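Structure first, then comments.
Being a predicted model, the structure only gives us computed values, none of them experimental. The first residue in the sequence is number 1, and the count goes up from there. Whatever order the structure lists them in is the order used to number ligands and atoms, beginning at 1.
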Amino acid sequence: MKTKTDPSAPSSARDKLLFTPGPLTTSHSVKEAMLHDAGSWHFEFNAVVASVRERLLQLGGVSRGRGYEAVLLQGSGTFGVEAVFQTCVPAEGKVAVLSNGAYGERMIQMLKHARIAHLALRTGEDTPSDPAALDRALAADPAITHVAAVHCETTTGVLNPIDELGHVTHRHGRTYVVDAMSSFGALPIDLAGWHIDFLISSANKCIEGVPGFSFVLCRRDVLLACEGIARSLSMDLIGQLKGFEKNGQFRYTPPTHAILAFSRALDELEAEGGPAARCARYMRNHQTLVTGMRALGFRPYLDPAVQSCIITSFLFPPDPEFDFDTFYRRLSDKGFIIYPGKISQADTFRIGSIGRIFEADIQGLLAAVQQTVNELGILVETPTPPPAVETAPSFS
Ligand SMILES: *Cc1c(COP(=O)(O)O)cnc(C)c1O
């Protein structure tokens, strides 16, 4: 249980550990899978692409037989989200965006750039998106054609109720788009049951691959009904799907090494016991982290009731002398990379629990935080007791 990251890796190959929202620490064997040059036309590489698409559908609990498709797209996760809007929202369409952080705001930016009508349904950065507000908005505005939500808003780590939002969207007969970037592969997601028409995630989050592409899991009929809308050539998901169906290939240069690494990462997810086991590891990482940080006098920003096990925001300590850059550098010197905050309403920093990291790595990080607090003489608050133990999300 307390295995440290990558016992197999030669010590010279051990990098500083990333406690970030991605890209993440990956296993040595995932990195090793990239030590090959694959031809983008070659049948062996195309077989890997086909199997990756198939296995992503399985992970989502759906299949081609049930009318779903997996479309891979070059670029980071943002490209996948933007491709869905570019491909699927007609000129006269309108998108309701549930936003409580930077990634919801990024979707609004994309819609502005594409000159697509939209309505922002905002809640505070510490407050989950509100299904009742969505219900009222959809009842009031028949022009809204699509609803877009973020599952885990990585800005804070807050978890949004994408199941309830899906039921509301379905009841009103609108198309549902979910950014599940930092949750897919670990947190339970029921694409069919929650009426998700388009789900976007990427290679370098909970599946623990390297950056290079995003993927869209979608209903085939809903996607194909969008023929002729695409505002972009390279980001046209229908064109991309037709490429895969025509000759098994990406239309333009594929991220060959990232695909090979991802295929290995999918093997390792399976070997770990699938999303439920991965979620359990992230949950242990998160609980160890929060309990340890509280004992050191740091306070999480979110109420534990709305906090995911993916990433945790901590408030700056009350010490007026606290300087994040110094704190960050001291931790980096000790081999641990944390992440700055992104919240507009509070001064915070973030620590991720995802990637190829284990409880022992979190304990190593906590020891480094304690040492850094002592070195810098940072005044922290009186330690607070740990919150009530959270239960792991259920997998059906
Ligand atoms: C990581 C992430 C994205 C995509 O960000 P990129 O920098 O393009 O990879 C989008 N949404 C969420 C919630 C994310 O965590």
message: Test question: given the 4.5 Å side-chain rule for I, L, V, M, F, W and Y, name all other residues clustered with Leu233, or answer none.
response: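 Under the 4.5 Å side-chain rule, Leu233 groups with Tyr252.
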- request: Verify the distance criterion only: is there a donor paired with an acceptor across the side chains of Arg106 and Thr78 at less than 3.5 Å?
  value: yes
- request: Flag yes if more than 12 heavy atoms outside Arg64 fall under 6.0 Å of its CZ atom; otherwise flag no.
  value: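 Yes - once you tally the heavy atoms of other residues, nucleotides and ligands closer than 6.0 Å, there are more than 12.
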Tell me whether the rings of [X] and [Y] are parallel (<30°), tilted (30 to 60°) or perpendicular (>60°).
X: Phe250; Y: Phe244; result: perpendicular
X: Phe314; Y: Phe298; result: perpendicular
X: His167; Y: His195; result: perpendicular

- request: Name the closest protein heavy atom to atom 13 (C) of ligand 1, giving the residue it belongs to and the distance to 0.1 Å.
  value: Thr154 OG1, 3.2 Å
- request: Of the side chain and backbone of Asp179, name the one, both, or neither that has a heavy atom under 4.0 Å from an atom of ligand 1.
  value: side chain
query: Side chain or backbone of Cys152 under 4.0 Å from ligand 1, or both, or neither, by non-hydrogen atoms?
result: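 Near ligand 1, Cys152 shows its backbone, while the atoms from C-beta on stay back.
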message: Can you confirm if the aromatic rings of Phe349 and Tyr328 lie within a centre distance of less than 6.0 Å?
response: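 Judged by ring-centre distance (under 6.0 Å), Tyr328 and Phe349 do not meet the cut-off.
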If you measure every N or O of [X] against every N or O of ligand 1, does any of those distances drop under 3.5 Å?
X: Glu153; answer: no
X: Lys205; answer: yes
X: Ser202; answer: no

message: Out of Glu82, Arg106, Met107, who is nearest to atom 7 (O) of ligand 1 when you count heavy atoms only?
response: Arg106
query: Which is closest to atom 4 (C) of ligand 1 in terms of heavy atoms, Ile200, Thr78, Val150?
result: Thr78
field: Enumerated ligand 1 atoms positioned under 4.0 Å from heavy atoms of Ser182
entry: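 In order of numbering, the contacting atoms are 15 (O).
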statement: ligand 1 to Ser76, heavy atom cutoff 4.0 Å, flagged ligand atoms 6 (P), 8 (O), 9 (O)
